[in-house]
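So the structure is just underneath, and the comments pick up after that.
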Amino acid sequence: MYTRRGIYSTAVFALVYLAQIMIIDEVHLPFGGFSVFLIFTLCWAALSTPEVGAIVGFFAGLCMDFAPTSNGPIGQWALILAALGFTIAFLRYGDDSLRSDPLSLVVFVAAAVVVALTVYIVLDAVLGNEVGRLSQLFRTVAGNGLWTLAIAPFILPIASRLHRGIFETREFQ
Amino acid sequence: MRYGGDNRSRLLLVTLIVTSLFLITLDLRGVSLITGLRHGTQSVLGPFQRAANSAFSPIGNFFSDVAHLGRTRAEIKSLETQNSQLRTTLIERKNIESQIKQLKSVLNLSGTGGYKVVSAKVISQGTSASFSQSITIDIGRNAHLTRDMTVLGGDGLVGVVKEVYASTSLIMLESDPSFRVGVRIAGSQEIGILTGQGTDRAILQMLDSQSTVKAGDVLLARGSAAGKPFVPGVPVGTVTSVPNSAGSVSQLAEVQFFTHLHSVGIVAVVVSPPITDPRDALVPPKPMPTPVPTVTIFLTPGATPAATLGATPAPSVTPKPLPTSTPTTKK
């Protein structure tokens, strides 16, 4: 059962990952654009148990670390998304009021994206990498948050349907 | 009721975080396994990215252009300005190169003839409305110029200083209808008077009716007393045609100037004549004829033409250069 879930989840994430690097990364959107892979991962984590959220976050983060556009050390995104996946699942899983409200879930995911990017920048700075101008960073992070608010309503139903089909335990209404 | 706060979940989280930190450490320490993994991933994803790039780059560029519309416009404007400046620089450079070429020719001519010259730039061409052929140069009394000084171009005579102002001078071109210069034919030393016609051709009138002039003869300035208005030995032009003038008092000929007066940009004003007459030293070398390749075909005759052709389908062809351009057939 776990193997089947793992294989299906991997296939789904691989498709989203390919869509990210083949399509989204090629389209130069204003204000930094968005990461459909990051949004999908956070949505998936929000619909899962904390253990699954952490594992999904960790491996999705590894995928992002290995992405051609990534310039940080390997494990940086894995660290952030493992912690964030666990946290978001932990916060969402026991909160029935939030689960019944899709709009709040979208805002929740958008906020998680902003937190993820901010932590990434802070970690980058701590590791001694050049992070760029503060205004540009703010623009990118805020732009990503706004893009997520716009895109997440379309991704969330797909993620919910796939998650329900694979795990058959939780579903998003 | 929240789920996930138990020890197993926390242990898993800690394990993943420690693993991540371990990976970060390995990567920062430059462990080849991690670097190899990243390179391997990028090798696998490369083809996908290239395929996507060719398919989606127009869309991507569109979004980028829309997003950066103002910046793109400013960039286009900046590039247009830069392009315009570069074009101007290129034109100026070509102009300067042409002027340098002319200056070198002028200095070569002056040096060979032993003339002491002051170079000048043509700043204005005379208008055709005045029916006079003149140019204005950028030096005058400030360069100690006086009237009736010879003006040279790279190929020969240009004209004579007609008026001198403070910092400019007016030059009467040799093509001016009122321009007259005493010339001699290089080699035969026969003399005549050349008169401008308002075009790039002039009329030569020989002083001796028994003179023989032929097309191709080179004319040089005879020179005046004290080198004014003309210094001796300056190439003037070449005879292009000699009309049939049976019964006329003097021999006439049509002459083409050496100097292309329409494109003259740099000139030299002779301020001091040569110590010795350069005679024919400044006669321009005759242009070398372009060699024409010729091919001689040798045909080997057989017993009968038909039999030969049947026996040897291809005739032997031997290329051999000959002075004539007509193919010669030997049998």
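Residue numbers begin at 1 in each chain, while the letters A, B, ... track the order of the sequences.
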Exercise for review: Check whether any side-chain heavy atom of Phe37(A) sits under 4.5 Å from a side-chain heavy atom of Cys63(A), and report yes or no.
Suggested key: yes

Exercise for review: Sorted by first residue and then second, give each ring-ring contact (aromatic ring centres under 6.0 Å, His included) pair with at least one member in residues 140-159 of chain A; sequence neighbours left out.
Suggested key: Phe34(A)-Trp147(A)

Review point. Taking every heavy-atom pair that is under 4.5 Å apart, which of Leu79(A), Ile74(A), Leu127(A) has the most such pairs with chain B?
Key: Ile74(A)

Study note, to complete from the structure: Per side-chain contact (heavy atoms from CB on, under 4.5 Å), Asp138(B) is matched among Thr168(B), Ile123(B), Val122(B) by Ile123(B)

Revision key, fill the gap. Minimal heavy-atom distance between Pro153(A) and Thr148(A), with the atoms involved, is CD-O, 4.1 Å

Check your understanding: Are more than 12 heavy atoms from other residues, nucleotides or ligands located less than 6.0 Å from atom CG of Leu134(A)?
Key -> no

Review point. Given a strict heavy-atom distance threshold of 4.5 Å, which part of Ile80(A) is in contact with chain B: side chain, backbone, both, or neither?
Key: neither

Review point. For chain A, which residues of residues 13-23 of chain B have at least one non-hydrogen atom nearer than 4.5 Å to it?
Key: Leu13(B), Leu16(B), Ile17(B), Thr19(B), Ser20(B), Leu21(B), Leu23(B)

Check your understanding: Considering all heavy atoms of both residues, which atom of Leu42(A) and which atom of Ile88(A) are nearest to each other, and what is their separation?
Key -> O-CD1, 3.9 Å

Practice item. May I ask you to check whether over 12 heavy atoms, not counting those of Tyr165(B), lie within 6.0 Å of atom OH? Key: yes

Point to revise | Part of residues 99-106 of chain B lying next to chain A, heavy-atom separation under 4.5 Å | key: none

Practice item. Kindly give the heavy-atom pair with the smallest separation between Ser9(A) and Trp44(A), and that separation in Å. Key: OG-CZ2, 3.9 Å

Revision key, fill the gap. Those residues at least two apart in sequence (or on a different chain) that pass ring pair (Phe, Tyr, Trp, His ring centres under 6.0 Å) with Phe257(B) are none

Check your understanding: What are the two closest heavy atoms between Ala89(A) and Ala45(A), and how far apart are they?
Key -> CB-O, 3.2 Å

